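Below is one structure, written out as structure tokens, with a few remarks after it.
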Amino acid sequence: MEAHSYINSKYHFLSHFFHVSKMGLTVVLLLLIIVGSILQSYWFFKKSYRFFDENHFPTLKPTFVFGNLGDAITFKKSLALTIYDLYNKLEAHKFAGLYMLHRPFVMIRDAELIKNILIKDFVYFRDRGIACKEDAEPLNNNLLRIDGDRWKSLRVKLTPIFSPNKMKLMFVPIQENSKKLVQILNSTKGESFDMKELSERFTTDVIGNCAFGIETRALENPDSIVREMGKRIFEFRYQTLIRHLFPHLPSILVKIFKLTYLNKIVESFFIKMLRETIEQREKSSVSRKDLLELLIALKNETSDIYPNKDVEQFLSQINDNNVKNETGLTMDLIIAQCYLFFAAGFETSSSSLGYVMLELALNKNVQNTARNEIIKVLSENGGEITYDSLKDMTYADMVIAETLRKHPPAGFLLRKCTKSYQIPDTEAIIPQNTLIFISIYGVHMDRKYYEKPEQFYPEHFEEEARNKRPKCAFIPFGDGPRNCIGERFAKLEIKIGMIHMLMNHSFDVSPQMKLPLEYNYDSTLGLMSVKGGIWLRCQKI
Ligand code: HEM
């Protein structure tokens, strides 16, 4: 009470002194507070933006508040394209220091340095820096997001699931789905169709039905619920953007404003569906030889991860033969991994297959050469595609690699520096906890590494050309111990899907197709998915 009358008397004294009303004084005080806060944030940002000048890094002038990612934060461009623009602006440099809001990050744009980060000096850059609290959102406890020893021990466990002999088991189910894909092409009867949409239905069924034994039926029914939910995983959400921009938000704010990474409906759907599938599978005695069976065997410790060539290679790459076995595979962890395999598998692979077919439709010579190779290999194998005959289709591999170069589904790679790191042969030191961005698209479109970067030119992947290029100039799946674990699976489904389509049909671009390509706005995941679809026409041959 006493304090209140004291403030009142001061207020009265000030208003009397400045000859203004109480209301006027309130406005002046409010203005002072606002101007003070703006000045304070201005100095805060200005001080933050001096960071790289003082640390021997080339840099680009940041914009107040947004740093160097203004185009992505103000929705002008996707994050992948914003990072790509920065890559191009920094042409004279092998690396540079930039800012996300006030937060410094380092862009690496030289293939040799990229190799150091991803492979040689991996111990400094093991983490991705997007982990979130373990129990907050159960599906986020997945391999892509977790870091540290938990990641290491989980990665060792999951590595054998994608080994070559396990991939062989996936061949028949992928073939079955490819045949259904061809039936749908038959029904288009020369009319335009959206190849991206069709590829999404194909990869949804491949990953769902073949990998987890779930009847997703997306090829039969474009409105299938699994496909609907799959699409919603990649919808833009403000909440996800805010969480990525402010990774250290207090949990209370996250709760109050419901700032979850994932839409709750989508999360509940996948948790329920996957839990029921796993429970049913555990009760049944039928063996399906799919990814889920292998995961369950790991959970129940009825399968051993050793000896396995991939695991041995992984352990030698991370220079650690004593990975702690602390991450037991619980039901929740298996659900989170299945969810990731589904999400990571269906969007990236469908983009790739869509882009493969678009480039083949645009480049008829390439289409004919690829088809002739398939016909030749088929005739040598009694008219059948077998798992072993796939390796003889080397031109098909070049076509797929060139597609992944020109249209990498993931636009950039992310790492976090976990121990301060001196960039070799320079004075620049990357401080601990700094994020590292590597523009996959930038490297793939760089004239330093590719003779005709703007063209679709499968010859970029002839043996001689490949051998001339530095190792990390082709990184659609990342590289090193933290690369894409599903690379073999993805390449297998793209190749089988492509072969079946080319064997049966010839492809043209529809007048409906919008060129040059535009990409969907994506502010968080860095994906480069086409805007407006991939419109083609096909004829039965
Ligand atoms: C064409 C298709 C695909 C592309 C282009 C792609 C690309 C990528 C990229 C760029 C990364 C990050 C690698 C790095 O940071 O070095 C990644 C990680 C990952 N991908 Fe893929 N991916 C594809 C398909 C798949 C499939 C089919 C699966 C699973 C079935 C999968 C599962 C994963 C997982 C689990 C990770 C995280 C690995 C880790 O952090 O240890 N991906 N992928």
Side-chain angles (χ1 to χ4, degrees), residues 80 108 114-115 117-119 122 125-131 139-148 150-159 161-162 166-167 170 174 199-200 202-204 206-208 210-212 230 290-292 294-295 310 314 317-318 327 333 336-356 400-401 403-416 435-441 443-444 472 474-495 497-498 525-529:
I108 304 288
I114 294 174
K115 190 166 121 193
I117 306 279
L118 298 182
I119 305 170
F122 177 75
F125 303 99
R126 180 199 53 201
D127 292 350
R128 213 168 258 130
I130 49 170
L139 295 184
N140 275 343
N141 284 322
N142 64 53
L143 202 60
L144 188 84
R145 281 196 175 273
I146 61 174
D147 278 337
R150 287 183 73 221
W151 167 76
K152 224 194 281 180
S153 116
L154 192 59
R155 174 89 191 206
V156 169
K157 286 210 161 79
L158 298 179
T159 293
I161 292 179
F162 293 93
K166 302 286 191 284
M167 287 303 101
M170 304 292 136
I174 298 177
S199 303
E200 280 177 14
F202 170 69
T203 54
T204 299
V206 167
I207 195 78
C210 313
F212 309 122
D290 54 15
L291 296 189
L292 187 61
L294 303 168
L295 274 168
D310 289 351
F314 172 76
Q317 274 183 322
I318 61 170
T327 309
L333 264 184
Q337 309 325 307
C338 288
Y339 164 77
L340 172 67
F341 295 161
F342 180 80
F346 111 83
E347 171 56 37
T348 47
S349 310
S350 66
S351 276
S352 311
L353 186 57
Y355 290 134
V356 166
I400 293 170
T403 306
L404 290 167
R405 177 197 70 79
K406 201 173 164 219
H407 308 283
F412 61 84
L413 302 174
L414 195 57
R415 291 291 185 274
K416 185 170 105 176
L435 285 183
I436 312 290
F437 279 79
I438 297 168
S439 172
I440 301 178
Y441 193 41
V443 173
H444 287 187
C472 286
F474 182 59
I475 43 174
F477 296 97
D479 210 331
R482 200 138 197 198
N483 69 345
C484 172
I485 203 169
E487 176 173 349
R488 284 192 191 113
F489 185 80
K491 285 186 183 160
L492 188 67
E493 69 176 322
I494 296 167
K495 191 167 181 178
M498 176 187 115
L525 295 164
L527 297 178
M528 298 192 44
S529 73

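Counting starts at 1 for both ligands and their atoms, in listed order. Given the structure is predicted, the values throughout are model-derived calculations rather than measurements.
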TODO: Give a yes/no on ligand 1: does E487 have at least one heavy atom closer than 4.0 angstrom to it?
DONE: no

Task: Proximal ligand 1 atoms for P409, defined as those under 4.0 Å from one of its heavy atoms - done: 5 (C)

Open item on the list: With heavy-atom distances below 4.0 Å as the criterion, list the atoms of ligand 1 near F489.
Closed with: 27 (C)

- [ ] Give a yes or no on whether the backbone of S352 and the side-chain of H407 come within a donor-acceptor separation of less than 3.5 Å.
- [x] no

TODO: Taking R126 for its side chain and W151 for its backbone only, find out whether a donor-acceptor pair lies under 3.5 Å.
DONE: no

Task: Protein contact of atom 28 (C) of ligand 1 - nearest heavy atom, named by residue and atom, plus distance - done: G486 CA, 3.7 Å

- [ ] For atom 36 (C) of ligand 1, grab the closest protein heavy atom and report residue, atom and distance to one decimal in Å.
- [x] L144 CD1, 3.9 Å

Task: Nearest neighbour in protein (non-hydrogen) for atom 26 (C) of ligand 1 - done: G345 CA, 3.6 Å

- [ ] Looking only at protein heavy atoms, identify the closest one to atom 10 (C) of ligand 1 and say how far it is in Å.
- [x] P476 O, 3.3 Å

- [ ] Could you say whether the N/O atoms of R155 and ligand 1 ever approach to under 3.5 Å?
- [x] yes

Task: R128 side-chain N/O to L144 backbone N/O, donor-acceptor pair under 3.5 Å - done: yes

- [ ] From atom 16 (O) of ligand 1, work out which of E493, R415, R145, R488 has a heavy atom at the shortest distance.
- [x] R415

Open item on the list: Tell me the closest heavy-atom pair linking S349 and T203, and the distance in Å.
Closed with: CB-CG2, 3.7 Å

Task: Considering all heavy atoms, the nearest I318-P481 contact - done: CG2-CB, 3.6 Å

TODO: Quick one: look up the protein heavy atom nearest atom 1 (C) of ligand 1 and list residue, atom name and how far away it is.
DONE: S352 OG, 3.2 Å

Open item on the list: Please verify the inter-ring angle class for F341 with F162; under 30° counts as parallel, over 60° as perpendicular, anything in between as tilted.
Closed with: perpendicular

- [ ] Inspect the contact between R488 and D310 and indicate whether a charged nitrogen and a carboxylate oxygen are less than 4.0 angstrom apart.
- [x] yes

TODO: Check if F346 has a non-hydrogen atom at a distance under 4.0 Å from any atom of ligand 1.
DONE: no

Task: Smallest separation among heavy atoms of I119 and C472, with atom names - done: CD1-SG, 4.1 Å

Open item on the list: Tell me whether D147 is salt-bridged to R482, with the criterion being a basic N under 4.0 Å from an acidic carboxylate O.
Closed with: yes

TODO: Over all heavy atoms of both residues, which pair between D127 and G148 is shortest? Give the atoms and the distance, please.
DONE: OD1-N, 3.0 Å

- [ ] Using a strict 4.0 Å cut-off to heavy atoms of A490, name the atoms of ligand 1 that fall inside it.
- [x] 1 (C), 2 (C), 24 (C)

Open item on the list: For atom 23 (C) of ligand 1, tell me which residue out of D479, L340, V356, T348 has the closest non-hydrogen atom.
Closed with: T348

Open item on the list: For K115, is the NZ atom crowded, meaning more than 12 foreign heavy atoms sit under 6.0 Å from it?
Closed with: no

Open item on the list: Which residue and atom name correspond to the protein heavy atom nearest atom 12 (C) of ligand 1, and how close is it?
Closed with: R128 NH2, 3.7 Å

TODO: Quick one: look up the protein heavy atom nearest atom 14 (C) of ligand 1 and list residue, atom name and how far away it is.
DONE: R482 O, 3.2 Å

- [ ] Under 4.0 Å from a heavy atom of G478: give me the atoms of ligand 1 that qualify, with their elements.
- [x] 10 (C), 13 (C), 14 (C), 16 (O)

Open item on the list: Would W151 count as being in polar contact with ligand 1, using the rule that some N or O on each side must be under 3.5 angstrom apart?
Closed with: yes

Open item on the list: Tell me whether I207 reaches ligand 1 (any heavy atom closer than 4.0 angstrom to a ligand atom).
Closed with: yes

Task: Per-atom contacts of ligand 1 with N483, taking only distances under 4.0 Å to non-hydrogen atoms - done: 13 (C), 16 (O), 38 (C)

- [ ] Specify the protein heavy atom at minimum distance from atom 33 (C) of ligand 1: its residue, its atom name, and the distance to 0.1 Å.
- [x] C484 SG, 3.9 Å

Task: L413 contact mode with ligand 1 (heavy-atom cut-off under 4.0 Å) - done: side chain

TODO: Measure across P409 and S351 and return the closest heavy-atom pair with its distance rounded to 0.1 Å.
DONE: CB-CB, 4.3 Å

- [ ] Determine whether any heavy atom of Q337 lies closer than 4.0 Å to an atom of ligand 1.
- [x] no

Task: Nearest atoms (heavy-atom pairs only) where N142 meets L139 - done: ND2-O, 2.9 Å

